[in-house]
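Residue numbers start at 1 and run along the sequence shown.
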Amino acid sequence: MPVLETLGGALFGAVLQVLFHKLDSHQVLGFFHGRNLDEKLLKKLKRKLMDVNAVIDDAEQKQFSNSLVKEWLDEVRDVLYDAEDMLDQIDYEFSKTKLGAEFQTSSSKVHNFESKIIALLDDLESLLNQKIVKDFKIYSGVKSGLGNKVFEKKVESTSLVAEEVIYGRDEDKDMIFSWLTSDTNDTKLSILSIVGMGGMGKTTLAQHIYNDPKTDEAKFDEKAWVCVSDAFDALRVSKAIIGAFTNSRDDSEDLEMVHGKLKKRLFGRKFLLVLDDVWNEDRNKWKALQTPLTFGAKGSKILVTTRSKKVASIMQSTYMHPLKQLDEDHSWQTFTKHAFQDENSTLNSEIKEIGIKIVEKCQGLPLALETIGCLLQSKSSVSEWEGVLTSEIWDLPIEDSKIVPTLLLSYYHLPSHLKRCFAYCALFPKDHRFDKKSLIFLWMAQNFLHCSQQSMSPEEVGENYFNDLVSRSFFKQIIGYKKTYFVMHDLMNDLAKYVSGEICYRLGVDGEKRVSRKTRHLSYITGPIQYYTSLCDAKGLRTFINFQRCCEMSIEELIVNYKFLRVLSWHWCIKVPDTIGDLIHLRSLDLSGTDIERLPDSTCSLYNLQELKLNKCLNLKELLLTLHELTNLRRLELMGTTLTKVQLRLGKLKNLHVWIDKFEVGKNSEFSIQQLGELDLHGELSITNLENITNPYKTNFKNKIHIVWLRLQWNLNRNNDDSIKEREVIENLQPSRYLKHLSIDGYGGTQFPHWLSNNSLSNVVSLTLNDCKHCVILPSLGLLTFLKHLKIDGLDQIVRIDDEFYGNSSFAFESLKTLSFTDMKEWEEWQYMKGAFPRLQSLSLRNCPKLKGNLPEQLSLLKKLDIIDCGQLGAPIPRADTLEYLIIYSCPGINIPINHWYHSLVELDIRFACDSLTTFPLDLFPKLRKLCLLECRNLQMISQEHPHNHLERLSIEKCSEFESFPNEGLFAHQLKTFFIAELEKLKLMPKCMSALLPSLNPLYIRNCPVVELSDGCLPSNVKEMYLRNCSKLVASLKGAWGTNPSLNILYIGNMDVECFPGEGLLPLSISNLEIADCSNLKKLDYRGLCHLSSLQKLILRNCSILQCLPDEGLPESISQLNIIGSMSLEQRCKKQEGEDWEKIAHIKSIIVDYKQAQCPYLGQAGGGVGGVALNAPRRAPKCDAALGMFALRRPPRGASRRSCEPMALRAPEKGAQASCDLLKLVIVPDITGVATGPNANIFKNYLGVLERDRIFILSPSFDHVFERQRRYSRNDLLIKSCAKEIIQSSFDKAMKKPQPTTTTYDKGYKELKVKTSMSNS
C-alpha cells in the first residue's frame, strides 16, 4: 500500500485525549490513593505523554517522506494503546470495590499496576530518546501542510466547460434552470447549493449551467465565477469576487475598501455568482463576506458547490440540491466516452464484459468513470483490462488518478474526532447497510465520543458525529418503510480502509496474509478455516465483529486469546462460557441469533458493558436476576426475542434504553404488562394477548416517549363476551404523544378509545385499524394533523362513514397521503366532506361488497386508485388530473368518464368491470404505458385519431364483444408487448403493423379462431410470436413475413391440422420452433421445414398421434430436439434401435420424454397442464431433507397459467446451472428441520444454486412461498398455499412411507396457482 496509508495516524490526538482524561479521573486517582500506590508514577506518565503530544504532529507530517518516522509512530501507538488498556483495568478494579469486600483486588494485582506503569515509562523514555525525535518540531498549535503531492495546492476551477457533454444530469439542469429563471417577489438573495461527495460532478454541472444559453434567459446584468476552495478568507474571496465581476485584479488589503467597491458594483444590478468548492463551516466568516452581496437587485442568485450539507446550511441556502450517482446507462456512456476514442466503435465482447464490471464497481461516480476510462484508453488487451478490474482504486498511480487526492481531501478536512470514527468503518464490507444507533454504540465502546458539555449524553454526542459525516457525504441515507439505514459508497469504503491501514482488518476480504500485531479492530466477513491461524499475532484486538452466521473458531478460544476486546459480536453458539466475565474491557456484546438459553452469571461482572444485544435468541426466555448490577449498561436489545418475564429491577438503571419488539401478556401476574413498568422502552413494541390483562388501571404508556411503533393486539380466537372491559383496557393503554405509528388489531370493544379522537396522538404518521369486528363507528381521525397513512381493514360492523370521521372539520386529513379500506363487509355509504384529503395520493377500496353511492369527487393530488371487489359501487371514479395508476377489478357498475383527458395516467388495468365502456378512446390517455382490458363485456373497439407516443404494453382478453381496432391502424411506435386472447368477434388484426408498431416484440394471440391479418403482412420487426388456437391466422402466414423477417422464436399450438407446416409457411429467420397440443397432427411436412437454415431448436409437445418424422429427416441446422407426449415417436427415436434414429443422429441434444404425461409420485396429471415429474433425490432414503426439485417453465408473457408447461429436473447438485427461463421450486417437508437439523450441511450445499439461480423454497411448514433474493412483482407469481398433502405425499413415496392413494396432482393444482398478467409478465 502507498505511504499515504498512515493518514490513520491522525488518530493519535484522540488516543492521547482519552489518556489525559483517564489519568485525571477520580477512578484512577481514587484507586491509587486507596491502595497507597505511588501517585507520582501517574504524574510521570502524564508528563511523558505530554512530551509525545508535543512532537506527534510534526511526526505525522514527516512519516510520508521518512519510513523510520513511520516505524517510530507505529511503536508509539502500540505503547499508547497499552497505556489505555492498563488505565481501563484500573477503572474496572475501582468499580469492583463499590460492590463489597468479596471483590477486593489482590495485592499482587495492585503492585502489578505499578510495574506496568514503570514499564510504560521506560518504553516512552526509550522512544523519546531516539535520535530521530530530535529533528521533530514542537507543536505550535498550527498544522503544517502535508509534505506529499496528494495535498499540493489544488488547481482552481474556472467557468470554462472542460467536458462538452455530460450524461445523466438533464433533470438536475432543468431544476437549476427553473430556479435561475424564477422571479419571485422575495427580495432576499436566493442561494442554491449543489451538494455531493467528491467526484460527483458538481463543478462540471455548474460549468454547464453557467455557460448554457438558457441562463441568459434570466437576463442577469452581471455573471461571475469564483473558486473558493478550502482556504476561506473573507478578504481573499471578496477580492476574487470583485475581480471576477470587473475582469481586473484588486490589490487592496483593506476589507472595508473591497466591500465598498463590491457594493458599488452590484448595487441595483441583477447578478449570478457561482461559488465553487466551498468548505467553510464558520457562519461568521460567511456573514463577513455576504453583506455587500445583498445589495444586488431582486432576482440575483448565488450557485454554490460543496461536499457538505452543513456548509449549505450555514450559507442559508434557499434550496439544497443533492447530486445523485449516475444510473447504469449514463455510467456506461460516461465510461465509454473516455475509454474509447470512437464511442460508436464495435467493442470486443470480452473487453465489453470487463468494462461493464468496471462500471458497476464505480457505482455511478463520474470522476471514477472518467479516471479509469482515461487510464484504459491506451490499453487494448484483455489482460490489461482485467488487471484494472481486479485492482483497487488506491493501487493506481497518483499521477494517473484524480480520485485518490479528491477523496483524501474530504478526509483531510474532517475534524480529528471524526477521522477516527470514519476510519473505524473500514470494518464494514462493501454495500453493508448499517444502523445509526448501532454504529454510535460501537464508537462509544471504543471511547471515540467526547464532549466538553456535561449536559450532553454520549448518544447525543455520537448523533452529532454521525450527522456530521452524513452532511459531508461520507454516509448515504436509505429510507425504508420501517427503518432508515445508511451505506458507504464503495470508494468511501475503500477510503476508510486506506486511512485506517493495518489498524482495521476484514478477515476474508483484505487478503490471506497473517493479521498484523498492529491490528486492533477485526471483522469476520467470510473465509475458510485457515484464516483462524492468521489471527494469533493480533493479541491486542479491541473489536471482533462477526458478519457471518458461523465461524470455525469457538467463542471459548476467542475469549482466551483476546482479553482486551471492547466489542464482541458473535452469532454462532449454543452456550456462552463463564469465562465471558474475563473480558473486563468489554463494552458492547452482541449475541443476536444464537441458540443460547441463558446468559452465564459471570456476565454481570462486565461492569464496563454499555450495550447488550440479544435479538432473535429464540431459546432465551428470561434475563439474569442480577443484570441490574451492570450500572454502565445503556442499551439492551431484545428484538425478536420473546421473554416469559422481564427483570423488574432493570428499571433502576436510569440510563438504560430497552428495545423489545414483542411482549406477550400472560394469564398470571408473572407475565403481566406491569413488567414493562419502569423500563425506558425504545423503537417498536407489539403487545399481544391483551385479553389477558386483569387490571387495566395499572397500565401506563403515556410516559413511554421513545416508543415509535406500537401494535396493540388481541387474540381473534378468544371468547369476547366483555366489550366493556376491553374498552377499559384500551383506554388505559394510551400511548405518548410522540408516537409515530400505531396499529390496533383484534380489539373487541364497540367503540374506539377517546384518545384516538381527541388529538392526543397529534404526531401519529401511520394508523392501522385491523379486525376490530364489533366497532360500530370510526373515531374522528380527520383531526390527526400529521397522519399520512391510514389503513382500515376488517371492521365488520361499520355501515356508514359520516362527518364524525372527519372531526367535523373542512380541513380534515390535511396530511393524509394513502388511504385504504379492505374487507368492510357491511359498509354501505361514504359521505364525503368537501375540502378533506387535500394531499391524498393513493386510495384503495377492496372487498367492500355493499358500498354504494358516490366516491370523493375531487382529489387533486391523487396518483393511484385501486377499486377491487366492490360489486355494488356504481359511481364514476374521482376526478384527478394527477392520476397515474388506476386498477378496477370486479366492479361492473364503475364508470370511467370519457369526457375529459387523463394526462398523467401511466397504467390502467380493468378486469371484470366497467360494463358501460363500449369504446376505449386511446387519445384521452396520452401518457399511458400499460393497458390491460380483461372481461370488459361490452367493450367493442379501441378508437384513435392521433399517434400514441408512450404505450408499451397492451393486453385485451375475454372481451366477448370486441370487434375492431382503429380504422387506420393502431399507431403506437413504443408498443413492445401486444397480447390478445379469446376475442371471439375480432376478425382483423390492426392495419399496417410494420409501419405503425415498429417496436413490437413479442406478439401473443390466443383463442381468436376467426382473426386474420388485415393487410396480409405481419410486422417484420417481431422476434417472438406465440399463436395458439388461431387456425385462420396460421393458414394465412404464407407470404406474410415481408422481405426482411426477423422472427426467431415461434410457438404454434392447438391447430386442427393433419400435416404441418406447409411449404413457404414459415420464415427463413426462425431459430426456435415449438408445435404443441395439435391432437390431429399426423405428419410433419419436410417441404415446410427443409428451407429453415437457421432453425436450431425444435419442440414437439403433446402431438399424440404424430407417428414419425419426415422420411427426408430434419434440417441439418437443428442442434436441439425435444419430443414430449408422443409414445409412438419415443419408440421410433430410441438411440441406435428406433426407426427414426438415423434421421436425428446428427442432433447434439435430444430429449424424448413421454413419461411427463404420468407423474411417478404425484399421481395422474390433470387440468390440461400436464404432469410434473418430481425426480426422487439420489440420496433420498438417507436424507430427511429429501431435497427434490421441480420447475415450471416460465410462460410466454401474457400467457395464461395453463400454458405454464412443467419440466422435470433432478435434485440440483452443488455448482449445477439451471436454465435461465425457469421458475424454480425446491420442495422441503419441513424447512426448519432441514435448515437447522442434522442435515443442515446437505442443505447448505444447495445454497449456492439457490442464491444464484433465484430458486424458491416450498414447504408445508410455511403458508407461502418466498424467494431468497427478492420478491416478484404483485402478480408475477402467486401461490395461495402450499398443497401440503401433495408435497408430503410425494415425499412419503420417496421415503417409502405409507400414504393415501387418492391424492392427485389435479387436486393439488387447485391450491397451487401460477398467475401471470400482461402488466407484469
Side-chain angles (χ1 to χ4, degrees), residues 989 1001-1013 1016-1020 1022-1126 1128-1129 1132-1133 1140 1143-1144 1146-1147 1150-1152 1196 1199 1203 1205:
M989 292 293 291
N1001 185 58
L1003 172 63
Y1004 306 95
I1005 307 174
R1006 176 169 56 82
N1007 294 341
C1008 297
V1010 298
V1011 74
E1012 296 182 85
L1013 298 176
C1017 186
L1018 280 166
S1020 58
V1022 173
K1023 296 180 181 179
E1024 299 179 31
M1025 185 181 298
Y1026 302 86
L1027 307 175
R1028 191 174 182 89
N1029 191 19
C1030 303
S1031 301
K1032 268 197 169 185
L1033 184 61
V1034 172
S1036 64
L1037 288 179
K1038 187 172 182 179
W1041 304 104
T1043 55
N1044 265 321
S1046 54
L1047 191 72
N1048 292 326
I1049 299 172
L1050 177 60
Y1051 171 97
I1052 295 180
N1054 280 96
M1055 290 187 304
D1056 187 15
V1057 293
E1058 294 185 0
C1059 182
F1060 185 84
E1063 185 176 358
L1065 184 66
L1066 303 180
L1068 297 174
S1069 58
I1070 194 169
S1071 60
N1072 286 27
L1073 173 63
E1074 179 167 354
I1075 303 171
D1077 300 312
C1078 298
S1079 56
N1080 294 322
L1081 183 64
K1082 297 179 179 179
K1083 179 182 179 183
L1084 290 179
D1085 191 338
Y1086 180 74
R1087 293 173 301 170
L1089 294 172
C1090 63
H1091 68 291
L1092 303 180
S1093 57
S1094 300
L1095 187 62
Q1096 298 176 13
K1097 182 176 181 180
L1098 175 62
I1099 300 174
L1100 303 172
R1101 185 188 302 275
N1102 294 336
C1103 300
S1104 55
I1105 66 171
L1106 183 60
Q1107 298 296 317
C1108 62
L1109 297 177
D1111 293 338
E1112 299 85 350
L1114 296 174
E1116 292 290 328
S1117 59
I1118 293 179
S1119 58
Q1120 182 175 342
L1121 173 63
N1122 292 8
I1123 301 174
I1124 301 167
S1126 175
S1128 299
L1129 276 185
R1132 294 179 66 90
C1133 293
D1140 285 346
K1143 303 175 185 178
I1144 60 174
H1146 66 282
I1147 297 176
I1150 301 172
I1151 298 175
V1152 180
S1203 62
E1205 300 293 351

Nearest atoms (heavy-atom pairs only) where Arg1028 meets Asp1077:
NH2-OD2, 2.6 Å
Got a sec, which residues hit side-chain contact (heavy atoms from CB on, under 4.5 Å) with Lys1032, two or more places apart in sequence or on another chain?
Glu1012
Just list the side-chain donor-acceptor pairs under 3.5 Å for residues 1056-1063, sequence neighbours left out, or say none.
unit_1	atom_1	unit_2	atom_2	d
Asp1056	OD1	Asn1080	ND2	2.6

I'd like to check Leu1066 versus Leu1095 (side-chain heavy atoms, cut-off strictly below 4.5 Å). Are they in contact?
no
Can you tell me how far apart CD (Glu1112) and CG (Asp1085) are? Round to the nearest 0.5 Å.
8.5 Å
To the closest 0.5 Å, what do you measure between CD (Gln1120) and CD1 (Ile1147)?
9.5 Å
Among all residues two or more places apart in sequence or in another chain, which pass the side-chain contact (heavy atoms from CB on, under 4.5 Å) test with Ser1071?
Asn1048
Do other residues, nucleotides or ligands put more than 12 heavy atoms under 6.0 Å from the NZ atom of Lys1143?
yes
Run the numbers on Cys1103 and Ser1126 for side chain to side chain contact (heavy atoms under 4.5 Å, CB included), then give the verdict.
CA-CA 6 Å; Cys1103 300; Ser1126 175; 5.8 Å; no
Going from NE2 on His1146 to OG on Ser1119, what distance comes out if it is rounded to the nearest 0.5 angstrom?
9.5 Å
In terms of ring plane angle, is the pair Tyr1051 and Tyr1026 parallel, tilted or perpendicular, where the classes change at 30° and 60°?
tilted
Look at the side chain of Asn1001 and the backbone N and O of Glu1024, then say whether any donor-acceptor pair between them is shorter than 3.5 Å.
yes
With rounding to the nearest 0.5 Å, note down the distance linking CD1 in Ile1099 to CG in Asn1122.
5.0 Å
The residue among Leu1081, Ile1124, Leu1109, Val1152 that forms side chain to side chain contact (heavy atoms under 4.5 Å, CB included) with Leu1100 is Leu1109
Gap between atom CD1 of Ile1118 and atom CD1 of Ile1144 - 0.5 Å precision
10.0 Å
Lys1082 side-chain N/O to Ile1105 backbone N/O, donor-acceptor pair under 3.5 Å
no
Would you give the length of the straight line joining atom CG of Leu1027 to atom OG of Ser1031, rounded to the nearest 0.5 angstrom?
10.5 Å
Yes or no on side chain to side chain contact (heavy atoms under 4.5 Å, CB included) for Ile1075 and Leu1106, after CA distance, side-chain angles and deciding distance?
CA-CA 11 Å; Ile1075 303 171; Leu1106 183 60; over 6 Å; no
With a 4.5 Å cut-off on side-chain heavy atoms, are Ile1123 and Cys1133 touching?
yes
Between Leu1047 and Pro1067, the two heavy atoms sitting closest are CD2-CG, 3.9 Å
Work out which heavy atom in Gly1064 is nearest to a heavy atom in His1091; give both atom names and the distance.
N-CE1, 4.2 Å
State, yes or no, whether a side-chain contact exists between Val1011 and Met989 at a heavy-atom distance under 4.5 Å.
yes
Heavy-atom closest pair (Ser1117 atom, Ser1093 atom, distance to 0.1 Å) is CB-O, 3.2 Å
In short, Ser1069 meets Ser1046 closest at the heavy-atom pair OG-C, 3.8 Å
Heavy-atom closest pair (Leu1065 atom, Leu1037 atom, distance to 0.1 Å) is CD1-CB, 3.6 Å
